[in-house]
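Computed from a prediction, not measured in an experiment: that's the story for all the values here. Quick note: numbers below take in every heavy atom, side chains included, and nothing from hydrogens, waters or symmetry partners. In what follows, chains are A, B, ... by sequence order, proteins preceding strands, each numbered from 1.
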Protein chains: 2
Amino acid sequence: MLSNLCTDLATGRLSRMPAHRTARERARAELTAAIKDEARRQCGERGADGLSLRAVARELGMVSSALYRYFPSRDDLLTALIIDAYNDMGAAVEQAAEQHEHPRERWRGACHGLRTWARTHPHEYSLLYGTPIPGYQAPQDTVSAARRVPAVLLAAVSDGWKAGEVEAPFAAPELSPLLREQIGVVGTALAPGVPEEVLARTMIAWSQLFGMVGFERTGHFVGSVDPADEFFTYAVEQMTLFVGLS
Amino acid sequence: MLSNLCTDLATGRLSRMPAHRTARERARAELTAAIKDEARRQCGERGADGLSLRAVARELGMVSSALYRYFPSRDDLLTALIIDAYNDMGAAVEQAAEQHEHPRERWRGACHGLRTWARTHPHEYSLLYGTPIPGYQAPQDTVSAARRVPAVLLAAVSDGWKAGEVEAPFAAPELSPLLREQIGVVGTALAPGVPEEVLARTMIAWSQLFGMVGFERTGHFVGSVDPADEFFTYAVEQMTLFVGLS
DNA sequence: ACAAATTCGAGAGCACTGCTCTTGACTCGA
DNA sequence: TCGAGTCAAGAGCAGTGCTCTCGAATTTGT
């Protein structure tokens, strides 16, 4: 029973749990949070590679083996950090979009919100979009959290479409049947009623956004458009037009 | 003197060196290559994280300390692998582009060539575009090798422009003075005579391409457009239009 | 209220890792 | 030929993830 609680705590779904009855549960919840906090701190300083269970335990004044009572392995601790990071990023992008009313402004806000979050949380961004951990299989909890950002982008386009404000800037090639079906699944889930052509453009812009943010983070703009503030703004403007949010 | 040779060997500039006079130099060159080969093999199996100097030495039948005569640290060995990977990727993309005559076809060939290389060399791709190594500063040798792919893309657009085959698909926002200057530097070096507006679109498409390839590699398309063959082809087609290679 | 079940921290220990230092043998060029 | 330069090897240091055991503390069931 407590092993279930442990899992839930590790995956950040603490809020759904009832209040901790016993002192033991309370202590466990607090220690779990403290471990994650310290791990997040170390990740932020030395990157995910520099996350050491022994160092975390040392900093918390306990022995390394005791830490395994809370996270069965280093990967599990990293998974908890990944889910937290996805949710933190998703919340930041959602909030950035919600500060505007007009769909086009919400789109712009989401894009700039993502970049801001990536710049203020570089190691967490790399944790999510950098080199995948070998043999690591993302649990189901991560995919729903990971979808929050594309959901915001699709919502902006969907709202724009409903308001009749989405117009293709140039003729698009025909979508293949398979691609139309793949994108249709996404559309019915997150943006029902929006044509697949518009959704396809949105997904292209989505990957462009993360490609650009990743390039800036990994230094691939150094020597060309770094500092990338103005290039980023320009690219967002172009992709806003590209998806048809005229 | 030989320390210089060591550095050159480590950075892959062996070809510029004269033939090895002594047996010692010959043996050193061969062992250096063997170390890199084995390291590349291990990187391909377990990722850059799983690269162990001791394991490389063990596989080569030598003692780990002996390896430090050839690469002063693990990071130096990784740097050598990075430069090799950049050049391998650049050569693959160049070859993919050179198989076509028309600029638009060269562009498409380069895009698909990059994806093919990334799919056949996933760990090397992550080494180049994944999580940056903390504290790692890319030496000058890497940046020239890293520019080979964007150079191919810019050359295709430049050739298309010279042939009068580049046409903006929709009106672009005005470029800021700083951005115009940043992009101008790139243009004079790699695509002289091409307007900054076109270069800016090319750099947006460049980041879109790598964002898409990275998403596919890290599994962020799973649940939507994975397998990504058709989406990739469609996106390349759209970005071909976007840069104006009509 | 008391015993059984569970959970806990601590410690020892295993098999690794990157890296340093020393030692003795080898090779090469003057 | 002989000294300078280079080499592989070994021991050793400090660190890592992880497992196991062992008492002590706590919770739970009766």
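Applying the side-chain contact (heavy atoms from CB on, under 4.5 Å) rule to V225(B) yields the partners L179(A), Q182(A), I183(A), M203(A), F221(B), F231(B); only residues at least two apart in sequence or on another chain are considered. Every residue was checked against the side-chain contact (heavy atoms from CB on, under 4.5 Å) condition with A96(A), not counting sequence neighbours, and none meets it. Considering only residues two or more places apart in sequence or on other chains, S207(A) meets the side chain to side chain donor-acceptor pair (under 3.5 Å) condition with Q208(B). For R40(B), the salt bridge (charged side-chain N to carboxylate O under 4.0 Å, His left out) partners are D37(B), D84(B), not counting sequence neighbours. Taking R106(B) as the reference, nothing meets the salt bridge (charged side-chain N to carboxylate O under 4.0 Å, His left out) condition, with sequence neighbours excluded. Remark: Q95(B) engages Q99(B) in a side-chain contact (heavy atoms from CB on, under 4.5 Å) (not counting sequence neighbours). By the side-chain contact (heavy atoms from CB on, under 4.5 Å) test, P132(A) pairs with S126(B), R217(B), T218(B), sequence neighbours left out.
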For residues 46-54 of chain B, tabulate all N or O donor-acceptor pairs below 3.5 Å that involve a side-chain atom, not counting sequence neighbours.
| unit_1 | atom_1 | unit_2 | atom_2 | d |
| --- | --- | --- | --- | --- |
| S52(B) | OG | R54(B) | N | 3.3 |
| S52(B) | OG | A55(B) | N | 3.0 |

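Regarding contacts with the backbone of dC7(D), every side-chain N or O of Y68(B) stays at 4.0 angstrom or more from both OP1 and OP2. The phosphate of dC8(C) (OP1 or OP2) has a side-chain N or O of R28(A) nearer than 4.0 angstrom. Put simply, Y70(A) has no side-chain N or O that comes within less than 4.0 Å of OP1 or OP2 on dT7(C). Residue R58(A) places at least one side-chain N or O closer than 4.0 Å to OP1 or OP2 of dT16(D).
The nearest whole Å value for the distance from the CD atom in E59(A) to the P atom in dG15(D) is 13 Å. Straight-line distance from the CE atom of M62(B) to the P atom of dC19(C): 16 Å, rounded to whole Å. Straight-line distance from the CZ atom of F71(B) to the P atom of dT6(D): 17 Å, rounded to whole Å. Per the geometry, CG belonging to L67(B) stands 18 Å off P belonging to dT6(D), to the nearest Å. Rounded to an integer number of Å, the gap from D75(B) CG to dC19(C) C1' is 12 Å. We find that CG of L60(B) is positioned 11 Å from P of dA9(D), with the value rounded to whole Å.
The nucleotide whose nearest atom lies closest to any side-chain atom of R74(B) is, among dC21(C), dC19(C), dT7(C), dC19(C). The side chain of S65(A) approaches dT19(D) more closely than any other nucleotide in the set dT20(C), dT19(D), dG15(D).
Here the side chain of T131(B) pairs a donor or acceptor atom with the backbone of T131(A) at under 3.5 angstrom.
No cation-pi contact links R148(B) to Y86(B), judged by a cut-off of 6.0 Å to the six-membered ring centre and 45° from its axis.
The aromatic rings of F210(A) and W206(A) lie perpendicular to each other, with more than 60° between the two planes, well past the 30° mark.
Contact check of residues 37-55 of chain A against DNA chain C (heavy atom, cut-off under 4.0 Å) returns R54(A).
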Checklist entry - What one-letter contact string describes nucleotides 22-27 of chain C from 5' to 3', where B marks a base within less than 4.0 Å of any protein heavy atom, S marks contact via sugar-phosphate atoms alone, and - marks no contact? => result ----BB
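Nucleic acid contact for S73(A): sugar-phosphate only, since backbone atoms but no base atoms lie under 4.0 Å from a heavy atom of the residue. Nucleic acid contact class of L31(B) (heavy atoms, under 4.0 Å, all strands): sugar-phosphate only.
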Find every protein N or O atom lying less than 3.5 Å from an N or O atom of nucleotides 28-30 of chain D, and list the pairs.
none

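A salt bridge (charged side-chain N to carboxylate O under 4.0 Å, His left out) check over residues 220-236 of chain A, counting only residues at least two apart or in different chains, returns the pairs R115(A)-D229(A).
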